2 protein chains.
Amino acid sequence: MNTKAETIRNKIVTTADDLFYRQGFNHTSFSDIASAVGISRGNFYYHFKTKDDILAAVIEKRKVGIKQFLNEWDETIPSAKQRLNQYVDMVVSYQDNIVKYGCPIGTVCSELNKLKNIHYNNATEMITLFRDWLIEQFVLLGHGKEKAKHYAMHMLTCTQGISVIGQAFTDPAYIRREAQSLKDWLEKI
Amino acid sequence: MNTKAETIRNKIVTTADDLFYRQGFNHTSFSDIASAVGISRGNFYYHFKTKDDILAAVIEKRKVGIKQFLNEWDETIPSAKQRLNQYVDMVVSYQDNIVKYGCPIGTVCSELNKLKNIHYNNATEMITLFRDWLIEQFVLLGHGKEKAKHYAMHMLTCTQGISVIGQAFTDPAYIRREAQSLKDWLEKI
DNA sequence: GTCTATACGCAGATAGAC
DNA sequence: GTCTATCTGCGTATAGAC
């Protein structure tokens, strides 16, 4: 039972996820989501009581997705160094969206912070997932915990910076170049 | 004549500048600005016709400010290398605001992009001012135009990344550490 | 120039019919 | 479960008195 409701619910979350990314959370209205999903605004409230509830579901969905592909990388990519390169490649393969809408994680964190939204800390945990995974990889490469943490933070710094500047200048070539620099840095440490 | 109106106008722009930074553009209402300035909403429209007009004035003010202190650096700091270090130091000295609200330029560009605001390109020109100045410094250091441009873009990447991650983790120590890394990088190239 | 009053639309949210 | 109708508040913007 509840399969149809679950389906609609999922559709709402997926649509909201997309719209929050492209238009921002605050700028996306219930009507936007409802019409994109193809249901009435009234029906909407059967599935979610408030806009913040949808946001929580979207963040949760993204977290699950992040955990999934990080696990998949752990299982399918043999070495830590290759996995770190895969992290950088992810940015490159996402370049078309980045130049248009920035980083889906960085931009939402920045927005929720300014809105003083209750789910801000929840959102930053998306970054924490990446940070902890990156630290793990550097530890596997033989670095001490402190150094691994600093390296991980540097990786986050560069990928977020790439997203902001790549978007501001709408420049995929820049993204590829800067990503390559980061890979070069990875080789040297 | 018009001095009083000019004063009020400036006060509005200064206040809006601050509120747009701390709360975001979309999330800041006319009432917010009016009450912060200490005038009625009605009076407001004597000075600015639309919210976008205030935004344009805020961006213009910021641009003027950026040009001013870049010029000042050019005139008071003897070497290009020292000026590049000053650019990094600026981020460090701004750390308290960054951990709370992010980069005043990066966050507004990101937001205006998602809002499809007409002044988005105008806002990105704030970054262009820094980019062109940075390129100049690297050229003065003896690098070719292409290389200077890539170095400049890398500086932008790091400072923007520092802002996003510094804000997300509310971590001034991280900002100082990563800024030092960037200075180390400057020494090596 | 600055105010109060007010128009207008849209957003979030609810009630109740089907 | 899904709909239409509706409430309420807020935000932008205007009109007009002082």
Side-chain angles (χ1 to χ4, degrees), chain A residues 1-59 108 111-112 114-120 122-123, chain B residues 1-59 108 111-112 114-120:
Chain A
M1 47 188 297
N2 261 346
T3 42
K4 189 166 183 191
E6 282 297 310
T7 308
I8 292 272
R9 207 193 123 97
N10 285 338
K11 213 169 169 185
I12 289 173
V13 174
T14 304
T15 305
D17 189 358
D18 177 56
L19 289 175
F20 289 171
Y21 175 42
R22 292 192 286 116
Q23 308 183 346
F25 170 71
N26 209 20
H27 193 53
T28 300
S29 67
F30 277 7
S31 300
D32 289 338
I33 304 170
S35 72
V37 172
I39 59 172
S40 69
R41 270 176 305 157
N43 183 6
F44 209 99
Y45 288 88
Y46 173 78
H47 300 279
F48 290 97
K49 294 275 168 279
T50 70
K51 202 178 168 186
D52 280 339
D53 286 348
I54 307 171
L55 176 62
V58 167
I59 293 172
V108 80
E111 181 184 5
L112 296 183
K114 303 215 178 200
L115 298 179
K116 296 191 186 306
N117 186 283
I118 51 164
H119 293 114
Y120 169 63
N122 202 356
Chain B
M1 48 190 294
N2 260 347
T3 41
K4 189 166 183 192
E6 281 297 310
T7 308
I8 292 271
R9 207 193 124 97
N10 285 338
K11 214 169 168 186
I12 290 173
V13 175
T14 305
T15 306
D17 189 357
D18 177 55
L19 290 174
F20 288 172
Y21 175 41
R22 292 192 287 115
Q23 309 183 343
F25 170 70
N26 208 20
H27 193 54
T28 300
S29 68
F30 276 7
S31 300
D32 289 338
I33 304 170
S35 70
V37 171
I39 58 170
S40 70
R41 271 175 305 157
N43 183 7
F44 209 99
Y45 288 88
Y46 173 77
H47 301 278
F48 290 98
K49 295 275 167 280
T50 69
K51 203 177 166 186
D52 280 340
D53 286 348
I54 307 171
L55 176 63
V58 167
I59 294 172
V108 79
E111 182 184 4
L112 296 183
K114 302 215 178 201
L115 299 179
K116 296 190 187 307
N117 184 285
I118 51 162
H119 292 116
Y120 169 63

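As a basis for the values below, the full set of heavy atoms in this structure was taken, side chains included, without hydrogen atoms, waters or symmetry mates. Only a predicted model underlies this, so the values are computations on that prediction, with no experimental measurement involved.
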Provide, to the nearest angstrom, the distance between the [atom1] atom belonging to [X] and the [atom2] atom belonging to [N].
| X | N | atom1 | atom2 | result |
| --- | --- | --- | --- | --- |
| A:K51 | C:dC10 | NZ | P | 15 Å |
| B:R9 | C:dG1 | CZ | P | 13 Å |
| B:I54 | D:dA13 | CD1 | C1' | 12 Å |
| B:D52 | D:dG11 | CG | P | 17 Å |
| B:N10 | C:dG1 | CG | P | 14 Å |
| A:F44 | C:dG16 | CZ | P | 22 Å |
| B:F48 | C:dT2 | CZ | P | 13 Å |
| B:K49 | D:dT14 | NZ | P | 8 Å |

* To do: For residues A:L55 and A:F20, determine if any side-chain heavy atom of one lies less than 4.5 Å from a side-chain heavy atom of the other.
  =>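 Yes, side chains in contact.
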
From [options], pick the nucleotide closest to the side chain of [X]?
| X | options | answer |
| --- | --- | --- |
| B:N43 | D:dT4, C:dG1, C:dG12 | C:dG1 |
| B:I8 | D:dG1, C:dG12, C:dT2 | C:dT2 |
| A:Y46 | C:dG12, D:dT12, D:dT2 | D:dT2 |
| A:S40 | D:dA13, D:dT4, C:dG12 | D:dT4 |
| A:R41 | D:dG1, C:dT2, C:dA13 | C:dA13 |
| A:T50 | C:dA13, D:dT2, C:dT4 | C:dA13 |
| A:H47 | D:dT2, C:dA13, D:dT12 | D:dT2 |

* Asked: When you measure from every atom of DNA chain C, which of residues 16-38 of chain A have a heavy atom less than 4.0 Å away?
  ->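 Those residues whose heavy atoms fall under 4.0 Å from DNA chain C, taken from residues 16-38 of chain A in numerical order, are A:T28, A:S29, A:F30.
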
* For residues 39-54 of chain A, which residue pairs qualify under salt bridge (charged side-chain N to carboxylate O under 4.0 Å, His left out), counting only residues two or more places apart or in two chains? ->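 Listed by first then second residue: nothing to list.
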
* Return each pair, listed once, that meets salt bridge (charged side-chain N to carboxylate O under 4.0 Å, His left out) where at least one residue sits in residues 13-31 of chain A; pairs must be two or more places apart or across chains. =>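 Non-adjacent pairs meeting salt bridge (charged side-chain N to carboxylate O under 4.0 Å, His left out): A:D17-A:K61, A:D17-A:R62, A:D18-A:R22.
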
* To do: Quick one: list whatever passes salt bridge (charged side-chain N to carboxylate O under 4.0 Å, His left out) with B:R9, sequence neighbours left out.
  =>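 None.
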
* To do: Using side chain to side chain donor-acceptor pair (under 3.5 Å) as the criterion, list what pairs up with B:T15, not counting sequence neighbours.
  =>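 None.
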
* Looking at A:N26 and A:E111, what are the two nearest heavy atoms and their distance? ->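 Residues A:N26 and A:E111, closest heavy atoms: N-OE2, 2.8 Å.
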
* Can you name the residues that form a side chain to side chain contact (heavy atoms under 4.5 Å, CB included) with B:S29, not counting sequence neighbours? ->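 Residues passing side chain to side chain contact (heavy atoms under 4.5 Å, CB included) with B:S29: B:S31, B:D32.
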
